[in-house]
Enquirer: 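Got a structure for you, written out below as structure tokens; questions coming shortly.
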Amino acid sequence: MELPSSYNSKEVEDKIYQLWEKSGFFNPDKLGKNYKKPFTIIMPPTNANGNLHAGHALVMTIEDIMTRYKRMQGFKTLWLPGLDHAGFETQVVYEKQLEKEGKSRFKMTPEELYKEIAEFTDKNKKNINSQVKKMGSSCDWSREKFTLDTDIIKIVYNTFEKLYKDNLIYKGKKIINWCPKHQTSLSDLETADTEKNDKFYYLKYGPFTIATARPETKFGDKYVVMHPKDKRYSDYKNGQKIELEWINGPITATIIKDEAIDMDFGTGVMTITPWHDAVDFEIAQRHTLEKEQIIDFYGKLLPIAGEFSGMKILEARPLIIEKLQAKGLVEKIEENYKHVVKTCYKCNSLIEPQIKEQWFLKMKPLAEPAIKAIEKNQIKIIPEHYKKIALHWLNNIIDWNISRQIVWGIPIPAKTCEKCKEIYIDIENKFTECKKCGGALKKETDTFDTWFSSGQWPYAVLGFPKNKDFKTFYPTDVMETGGDLIFFWVSRMIMFSLYNTGKIPFKNVYLHGLVMDAKGQKMSKSKGNVINPLDLTEKFGTDALRMALVVGNTPGTSLPLDENRIKGYRNFATKIWNASRFVLMNLDGYPSASSGQVKILFSANDKKLISDFKKQSKQITKEMDGFKFYVASEKIYHYFWHTFCDKIIEEQKPRLLGQDKKERMASQHLLITLLSESLKILHPFMPFITEEIYQQLPVKNLPTGRQAKKSCLMIENWPATK
RNA sequence: GGACGAUUAGCUCAGUUGGUAGAGCAUCUCAUUUACACUGAGAGGGUCACAGGUUCGAGUCCUGUAUCGUCCACCA
């Protein structure tokens, strides 16, 4: 059989992927009776709103390595793929597209918008799946799930109802993060910190001086707060009223003493704006103070601002200061005041805290069992230092705002009585009027935070509670995802799963780091350094990219993706190809399938080489079991190139080319054995090229009778380690 | 303000209970058609960030410092 002198990944990859799909072995049910013990990985559902990026390529590579390894070890292996509607994220992507077309979502009906985004998502689903396949992912497509599948939604709804009955869900008027651009609330995790340089104004407020960077919020300030132990203000008593001149005329202010005040900051006195500041809100709650909205949801001033009403805050700010100056109320202005502000993590708009009625989930009772499971190592987190990070967050968890004012998501299945405010969870849409007072019911228009549904992913995709898959494959073995999702997703999956199923969702969490550009910088569209993994597979082959992503890449640390490295592994692929070609080209006289049993006489050196290989594979297996793919891949790379190719093949040349038939046959058999065993270990890392070569190997009915060729390398047995 | 991680060859990084420093890429020398030049043989290159401590012995353990990175919280 004649092979070309270099490996052509483009010709091979699609063909081999089809061979695997046809074999059916991605599906654990098709693996046969010998595969008993389950091994399960649930793929993090890919956002169906764009293309696969370098981070996805890493996910697919690591998870496919684990899946192929376990499958070869005889586990009933399931890697379940999925897609995420990615609520807010997708809507943001789609809105950007609308903007480019000169449209706005606020001019469309919710139904129109939903329909368009659904079509957009549908297109992307196909695109994403073909890219996942390109990475060689051996996942079970027959079990693919989407976060908006009806059975998933049903499970999410049941959980919501259960949480409500258990008194863990409440609708509350609390201060939330409001993005004025996207017109939705956001959870605390969905905001970013941005450092800003602003002016800092010292204003005269009656007998006090207060400092602020946001004078436009101060119209309604009628409480002035100081620390109870601050001696400078000991003459003032809590609750005491004072009269003073303020922006739009005389007002009555009340003195409040609260320990939240930092005596060393500014003047130690501040006025509060409970509607637009989280700390102020807390103070107001403690002292049951009145709260008033100053800024509307579009970022414009309300009538309380008098002549400034209707103005945008940034326009109003200098004018307000002008007026205050005219009234002699500005003591001084500090330039270049550096402070940190909250911004929308998607559009960088300034977050305007607002008080708004939202749905909240009480987190403390859910977090407690999760904390225990992590502390007791029932769930093992790799790398270990993320354990502390997760525990710290869980120990300080606050209630989660789960409602979003966007259309692209799962609607919250609730109705509220317009008269008595009674809440009904109405999954089947059967309530029409209030049972208590007969009032009309208003249907909730908010949708769930996308993480409320994806947080239930592991048991939802397996058909909790009754499905056979749930009983077979749950709890799953590994959750592999990015370290940045430890709070957003991983922690919430643990909490929801323990709450709903009573069991942990996964035994191990493997957190990979970020994939950076060649210079080690974070990839971003604005920097223009985004690497498209599909370009790299095209250029160097998928196997080479996979190796570049895994060799030396320790979990939790970032990886600079350098083309030179990928090129190195492309060279390795060529090396594998040519070594195999050499072995195949020197098979003259090697017994074929029809030759029957032939005795092979191994020399002492042959036996030593075989036993050396076993030692190697034993070590590599140990590394694989310890999730050290970065070491395992390097070891097999090194063995194959610098031991098998450089030493063993070279040493065997005289024997292969000599006249002694028995010697030649022994040599042929040695090479075939070491090659095929090496290919098995290489397979999880470089599935395409190894499968292609395997398909050419004459390992059926070998003289020893031990190596029965299977239909593909993917289901060959992992080399024995005993 | 707190927490965590990193600091090892020119670059990117390994180094699992403490026992004389490793890989890939890059560089240099040699080999010149050999299964493979996407090759082979070899070479150079490191006070393991710094300062202390524990130890017979520290890249590894402890304390502190510096620089970089990440996360959490936040001061009006």
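All heavy atoms count here, side chains included; hydrogens, waters and symmetry mates do not. Just so it is clear: chains get the letters A, B, ... in the order the sequence lines come, proteins before strands, and each one is counted from 1.
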Enquirer: B/G22 and B/G42: how far apart are their P atoms, nearest whole angstrom?
Expert: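 Those two atoms are separated by 16 Å.
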Enquirer: Please work out if A/Gly568 contacts a base, only the sugar-phosphate, or nothing of the nucleic acid, heavy-atom cut-off 4.0 Å.
Expert: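 No contact at all - A/Gly568 keeps every heavy atom at 4.0 Å or more from the nucleic acid.
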Enquirer: Counting any heavy atom closer than 4.0 Å, what does A/Glu650 reach on the DNA or RNA strands: base, sugar-phosphate only, or nothing?
Expert: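 A/Glu650: base contact, heavy atoms under 4.0 Å.
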Enquirer: Under a 3.5 Å cut-off for both contacts, is B/C68 paired Watson-Crick or G-U wobble with anything, and if yes, with which nucleotide?
Expert: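 With both distances under 3.5 Å, B/C68 matches B/G5.
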Enquirer: Partner lookup for B/U16, please. Criteria are Watson-Crick or G-U wobble with both distances under 3.5 angstrom; report none if nothing qualifies.
Expert: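 Per the H-bond distance test, none.
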Enquirer: Using a cut-off of 4.0 Å on non-hydrogen atoms, how would the nucleic acid contact of A/Arg565 be classed: base, sugar-phosphate, or nothing?
Expert: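 The answer is nothing, as A/Arg565 stays clear of every strand by at least 4.0 Å.
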Enquirer: If you look at every strand shown and take non-hydrogen atoms under 4.0 Å, does A/Tyr569 touch a base, only sugar-phosphate, or nothing?
Expert: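 Counting heavy atoms under 4.0 Å across all strands, no contact is made by A/Tyr569.
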Enquirer: Walk along nucleotides 70-76 of chain B from 5' to 3' and tag each nucleotide B, S or - by protein heavy-atom contact under 4.0 Å, base first, then sugar-phosphate.
Expert: -SS-BBB
Enquirer: Among B/A23, B/C38, B/C36, which is the nearest nucleotide to the side chain of A/Arg570?
Expert: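 In terms of side-chain proximity for A/Arg570, the closest of B/A23, B/C38, B/C36 is B/C38.
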Enquirer: Do A/Phe613 and A/Tyr639 have their ring centres less than 6.0 Å from each other?
Expert: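 Yes, the ring centres sit under 6.0 Å apart.
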Enquirer: Salt bridge check, A/Arg565 against A/Asp562: does any charged N sit closer than 4.0 Å to a carboxylate O?
Expert: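 Salt bridge absent between A/Asp562 and A/Arg565.
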Enquirer: To the closest 0.5 Å, what do you measure between CD1 (A/Ile649) and OG1 (A/Thr643)?
Expert: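 Separation between the atoms: 11.5 Å.
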Enquirer: A/Met516 has an atom CE; how far is it from atom C1' of B/C68, in whole Å?
Expert: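 It works out to 12 Å between those atoms.
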Enquirer: Using a 4.5 Å cut-off on heavy atoms from C-beta on, say whether the side chain of A/Pro353 contacts that of A/Phe281.
Expert: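 SC-SC contact between A/Phe281 and A/Pro353 ruled out.
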Enquirer: With heavy atoms under 4.0 Å as the rule, sort A/Thr554 into base, sugar-phosphate or nothing.
Expert: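 The answer is sugar-phosphate, as A/Thr554 gets under 4.0 Å only of primed atoms, P, OP1 or OP2.
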Enquirer: Over all strands shown, is A/His227 touching base, sugar-phosphate only, or nothing at heavy-atom distances under 4.0 angstrom?
Expert: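 Nothing: the residue A/His227, judged by heavy atoms under 4.0 Å, touches no strand.
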Enquirer: Between A/Arg214 and A/Glu352, does any side-chain N to carboxylate O distance fall below 4.0 Å?
Expert: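 Salt bridge: yes.
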Enquirer: In whole angstrom, give me the gap between the C1' atoms of B/A9 and B/A49.
Expert: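 These two C1' atoms come out 15 Å apart once rounded.
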Enquirer: Does B/G42 have its OP1 or OP2 closer than 4.0 Å to a side-chain nitrogen or oxygen of A/His642?
Expert: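 Checking B/G42 against A/His642, no side-chain N or O comes under 4.0 Å of OP1 or OP2.
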Enquirer: Looking at A/Lys647 and A/Asp612, is any side-chain nitrogen of the basic one under 4.0 Å from a carboxylate oxygen of the acidic one?
Expert: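 Not counted as a salt bridge, because no side-chain N and carboxylate O are separated by less than 4.0 Å.
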Enquirer: Considering Watson-Crick and G-U wobble pairs with both distances under 3.5 Å, what does B/A58 pair with?
Expert: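 Checking every strand shown, B/A58 finds no partner, since no pair has both distances under 3.5 Å.
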Enquirer: With both distances kept under 3.5 Å, what pairs with B/G10, Watson-Crick or G-U wobble?
Expert: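 WC or wobble partner is B/C25.
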Enquirer: Given the P atoms of B/G52 and B/A58, what is the spacing between them in whole Å?
Expert: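 Here B/G52 and B/A58 have their P atoms 14 Å from each other.
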Enquirer: Is A/Glu331 paired with A/Lys204 through a side-chain N to carboxylate O contact shorter than 4.0 Å?
Expert: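 Looking at A/Glu331 together with A/Lys204, the answer is no, because their closest N to O distance does not fall below 4.0 Å.
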Enquirer: A/Tyr637 has a side chain; which of B/C13, B/C25, B/A14 sits nearest to it?
Expert: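 Between B/C13, B/C25, B/A14, the one nearest the side chain of A/Tyr637 would be B/C25.
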Enquirer: Does A/Lys575 place a side-chain N or O at less than 4.0 Å from the phosphate oxygens OP1/OP2 of B/C36?
Expert: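 So the side-chain polar atoms of A/Lys575 never come under 4.0 Å of the phosphate oxygens OP1 or OP2 of B/C36.
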Enquirer: Could you tell me how far B/A14 sits from B/C75 if I compare only their C1' atoms? Round to whole Å.
Expert: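 The same atom, C1', in both gives a distance of 44 Å.
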Enquirer: Where the side chain of A/Asn564 is concerned, which of B/C25, B/A41, B/U34 is the nearest nucleotide?
Expert: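 Of B/C25, B/A41, B/U34, B/C25 is nearest to the side chain of A/Asn564.
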Enquirer: Looking at B/A35, B/G40, B/C38, which one has an atom nearest to any side-chain atom of A/Thr574?
Expert: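 Side chain of A/Thr574 sits closest to B/C38.
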Enquirer: Can you see if the side chain of A/Asn571 gets near the phosphate of B/U39 - specifically, an N or O under 4.0 Å from OP1 or OP2?
Expert: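 Looking at the OP1 and OP2 atoms of B/U39, one of them is under 4.0 Å from a side-chain N or O of A/Asn571.
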Enquirer: Does any donor atom in the side chain of A/Asp221 or A/Thr273 lie under 3.5 Å from an acceptor atom in the other side chain?
Expert: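 Looking only at side-chain atoms, A/Thr273 and A/Asp221 do form a donor-acceptor pair, the distance falling under 3.5 Å.
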Enquirer: Have a look at A/Lys567 and say if it touches a base, only the backbone sugar-phosphate, or nothing, with a 4.0 Å heavy-atom cut-off.
Expert: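 It contacts nothing in the nucleic acid.
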Enquirer: In the strands shown, is B/C30 matched to any nucleotide by a Watson-Crick or G-U wobble pair with both distances under 3.5 Å, and which?
Expert: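 Across any shown strand, B/C30 pairs with B/G40.
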Enquirer: If we take the C1' atom in both B/G1 and B/C13, what is their distance in whole Å?
Expert: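 Rounded to whole Å, the distance is 33 Å.
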Enquirer: Which comes earlier along RNA chain B counting from the 5' end, the contact point of A/Asp646 or that of A/Glu623, where each point is its nearest nucleotide?
Expert: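 In this pair, the answer is A/Glu623.
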Enquirer: Mind checking the C1' distance from B/U63 to B/U27? Whole angstroms is fine.
Expert: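 Here B/U63 and B/U27 have their C1' atoms 41 Å from each other.
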Enquirer: Assign the ring pair A/Tyr7 / A/Trp577 to parallel, tilted or perpendicular, where the plane angle (0 to 90°) is split at 30° and 60°.
Expert: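 Because their plane-to-plane angle lies in the 30° to 60° range, the rings of A/Tyr7 and A/Trp577 count as tilted.
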Enquirer: Watson-Crick or G-U wobble partner for B/C48, using a 3.5 Å limit on both distances?
Expert: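 Because no pair has both required distances under 3.5 Å, B/C48 counts as unpaired.
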Enquirer: Expressed as a whole number of Å, how far does the P atom of B/U17 sit from that of B/A6?
Expert: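 It works out to 14 Å between them.
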Enquirer: With rounding to the nearest 0.5 angstrom, report the CD1 to CG distance, A/Ile272 to A/Asp258.
Expert: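 Rounded to the nearest 0.5 Å, the CD1-CG separation comes out at 8.5 Å.
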Enquirer: State the pairing partner of B/C74; accept Watson-Crick or G-U wobble contacts with both distances under 3.5 Å, and report none otherwise.
Expert: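 Matched B/C74 with nothing under the 3.5 Å cut-off.
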Enquirer: Between B/G10 and B/C48, how far apart are the P atoms? Round to whole Å, please.
Expert: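 Result for the P pair: 13 Å, nearest Å.
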